[in-house]
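On a predicted model such as this, the values are computed, not experimentally measured, just so you know. Side chains included, hydrogens not; waters and symmetry mates left out as well; all remaining heavy atoms used.
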Amino acid sequence: MRTMIARHPKLAALIAGILSATGFEPLKLWPVALACLALLILLIEGAPDRRAAFLRGWLFGLGHFTLGLNWIAHAFTFQDAMPHWFGYAAVLLLSLYLAIYPGLATLGAWWLNHSSPARGGWSPLPLLLAATWLAAEYLRATLFTGFAWNPLGAILLPTGAAIAASVIGTYGLGALAILAAGGLLLAVRRAFRPAVAILASLCLLALIGWLSPAPPPPPGAPRIRVVQPNIGQDQKYSVENEFANFRKLAALSGEPRPAPRLIFWPEAAIPAYLDLEPEWRGRLAALLGPGDLLLTGADKVYFEPVEQNGTLVNKMVAANNSVWIVTPQGTLAGRYDKAHLVPYGEYLPMRPILSAIGLSRLVPGDVDFKPGPGPQSLVLPASLGRPELKMGVQICYEIIFSGHVIDAANRPAFLFNPSNDAWFGSWGPVQHLAQARLRALEEGIPIIRSTPTGVSAVIDARGHVVGSLGRNRAGYLDSGLPPALPPTLFARFGNILPFLFAALLLGAAIATRSRSR
């Protein structure tokens, strides 16, 4: 191993990056991921200059993202306007870009470590890399609309140490993963005192996580039903299947009952414009008992008059990806419009140029979606003994952005995360669920996920999945609504806390360096 690292550091970095992606869902090989991160620290330590330090981090990131994001290629098999093979090229092209951020992290850590090197003792490089990785992941999630998928901290979800997200957020968890890898490296080098200090602290944190369950739904908690119809992407937009799909959703929603329920349907569950089509509102109302509410995805569209052949006609010019609240009377009690849209998925950037070369967005339709105003809480009216509730909504992709999912000034009782993961292969849906769990941990609120083909789930305020429906099966989940916890420190202060943690790591590195001198 040492010979390979010394002779072929670039190849070692690429292989380590590929293997590190096995720490995410669905494989969850987090010990392998930590070992690969320890190898990355070794590679940076041995980098002769800044160029080598950046290149080794970039190659690690290239392998890491290429394997971890393989599900993106599957999405292209549902868009016949583009060649299906382009999905594999898209994964590689995206990974070539995303790898810049690990490269920046390794470059920053190398530069800080070499600007004033320690003389003897153990290197503070793991502390420095933890801080620079945190900053780089934040940049990845922010620049150019951001792509926050698979933050490194997600590998800690199986360990219990992820409870730290309630304080230092997801980016702070990524720093903890680097520290854990550094602790393993120190143990191998028989620097037992610092190794024990790091690893024992993380084990204590994991123990706290396992011993801190969320409270169960209290007696009288609002009843919920989460519907998963198992409607594939090849069936979803078929006009011939429109009413067959509706009948699946209706059957799984159950017969109207005297006791009030909140019924959750997936993103874009119905092909109707609910504010314009009263017959569709009537169909939905017929499914509801006197105290029920239906929360469903359906588009909101906008028309403008345009002249065609001397006649003014209404032309669709924009749309929102929305969630609607439907009452038993067939009225619409509120709407949320998705704010963080997927580039190339829900809109095509530089449309005149890209459409001219044959590219199109992945979601079918004639017009691009436009963004909504951002996180907000919708009021679910009280009915038949059910209290008034505030519901936050994050549609599909929006849930992956740490610190940007709820209206903190109008805190909801829970988050609804309708999604359509039907085109994300076998890896994408479970990775999406893991990131929803991180949001529950950060904010201290339960999350309800309804998807067409899985994974639908009820997640409690500690990020535990208390009920789920696996991929490619139809069904429903009945449950009491899990309670929210008091606002966590992260919910109160947001992503300032991860950066304070990064500053603490840098301070510890300086102190370590001074002591070694």
Side-chain angles (χ1 to χ4, degrees), residues 1-24 32-70 72 88-118 123-144 146-152 155 171 174-175 177-179 181-182 184-185 188 502 505-506 509:
M1 177 63 74
R2 289 185 178 180
T3 303
M4 178 183 176
I5 294 171
R7 292 184 178 178
H8 307 286
K10 297 176 185 177
L11 179 61
L14 181 63
I15 292 174
I18 293 171
L19 293 176
S20 72
T22 65
F24 297 113
V32 174
L34 294 182
C36 292
L37 292 169
L39 177 57
L40 178 63
I41 295 171
L42 268 178
L43 288 164
I44 305 166
E45 202 173 58
D49 52 36
R50 286 175 291 184
R51 181 178 180 277
F54 173 82
L55 184 58
R56 293 176 187 188
W58 182 83
L59 287 167
F60 181 94
L62 179 61
H64 180 84
F65 291 115
T66 300
L67 180 60
L69 301 178
N70 70 80
I72 291 176
Y88 298 99
V91 172
L92 181 59
L93 289 171
L94 179 60
S95 299
L96 288 169
Y97 160 68
L98 294 176
I100 291 172
Y101 296 99
L104 292 174
T106 55
L107 172 61
W110 183 93
W111 180 80
L112 290 169
N113 194 48
H114 282 70
S115 61
S116 180
S123 168
L125 187 59
L127 297 171
L128 297 171
L129 182 60
T132 56
W133 191 284
L134 185 157
E137 278 209 324
Y138 179 82
L139 289 176
R140 173 163 73 92
T142 306
L143 296 180
F144 310 114
F147 188 74
W149 197 275
N150 275 356
L152 185 60
I155 69 173
Y171 306 122
I178 299 289
L179 289 179
L184 292 176
L185 184 58
V188 170
L505 292 170
L506 292 175

**Student:** Do you know which two heavy atoms are closest between Val91 and Thr66, and how far apart they sit?
**Tutor:**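 Heavy-atom minimum between the residues: CG1-O, 3.7 Å.
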**Student:** Of all heavy-atom pairs between Ala33 and Gly23, which one has the smallest distance, and what is that distance?
**Tutor:** CB-CA, 3.9 Å
**Student:** Would a 4.5 Å heavy-atom cut-off, applied to side chains only, mark Phe147 and Leu94 as touching?
**Tutor:**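 Of all side-chain heavy-atom pairs linking Leu94 with Phe147, at least one is under 4.5 Å.
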**Student:** Can you name the closest pair of heavy atoms from Leu39 and Ala16 and give their distance?
**Tutor:**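 Closest approach of Leu39 to Ala16: CD2-CB, 3.7 Å.
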**Student:** As an exercise, state the distance from NE2 of His64 to OG1 of Thr22, rounded to the nearest 0.5 Å.
**Tutor:** 10.0 Å
**Student:** Could you tell me which non-hydrogen atom of Arg56 sits nearest to which non-hydrogen atom of Ala13, and how far apart they are?
**Tutor:** O-CB, 3.4 Å
**Student:** To the nearest 0.5 Å, what is the distance between CG on Leu112 and CG on Leu127?
**Tutor:**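 Those atoms lie 11.5 Å apart.
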**Student:** Roughly how far, to the nearest 0.5 Å, is CD1 of Ile18 from CZ of Phe60?
**Tutor:** 10.5 Å
**Student:** Per the side-chain contact (heavy atoms from CB on, under 4.5 Å) rule, which among Leu185, Leu152, Leu179 passes with Leu37?
**Tutor:** Leu152
**Student:** Rounded to the nearest 0.5 Å, what separation is found between the CG atom of Leu184 and the CG atom of Leu34?
**Tutor:**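 Output value for this atom pair is 6.0 Å.
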**Student:** Give me each pair satisfying salt bridge (charged side-chain N to carboxylate O under 4.0 Å, His left out) with a member in residues 130-141, each pair once, sequence neighbours excluded.
**Tutor:**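 Passing the test, one end in residues 130-141: Glu137-Arg140.
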**Student:** With side chains defined as the heavy atoms from C-beta onward, is the minimum distance between Leu92 and Leu62 less than 4.5 Å?
**Tutor:** yes
**Student:** Is there a side-chain contact between Leu128 and Leu506 in this structure, where contact means two heavy atoms from C-beta onward sitting under 4.5 Å apart?
**Tutor:**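 Sidechains of Leu506 and Leu128: in contact.
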**Student:** Which heavy atom of Leu40 sits nearest a heavy atom of Gly57, and at what distance?
**Tutor:** CD1-CA, 4.4 Å
**Student:** Tell me every residue that passes side chain to side chain donor-acceptor pair (under 3.5 Å) with Tyr101, counting only those two or more places apart in sequence or in another chain.
**Tutor:**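 Partners of Tyr101 by the side chain to side chain donor-acceptor pair (under 3.5 Å) criterion, ordered by chain and then number, come out as Tyr97.
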**Student:** Below 4.5 Å, heavy atoms only, C-beta onward: do Ile100 and Trp58 meet side chain to side chain?
**Tutor:**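 They are in contact (side-chain heavy atoms under 4.5 Å apart), so the answer is yes.
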**Student:** Trp110 side chain to Ala47 main-chain N or O, any donor-acceptor pair under 3.5 Å?
**Tutor:**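 It does hold such a pair.
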**Student:** Once rounded to the nearest 0.5 Å, what's the spacing between atom CG of Asn113 and atom CD1 of Ile44?
**Tutor:**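 CD1 of Ile44 is found 9.5 Å from CG of Asn113.
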**Student:** Grab the two heavy atoms, one from Phe24 and one from Pro151, that are nearest each other, plus how far apart they are.
**Tutor:** CE2-O, 3.2 Å
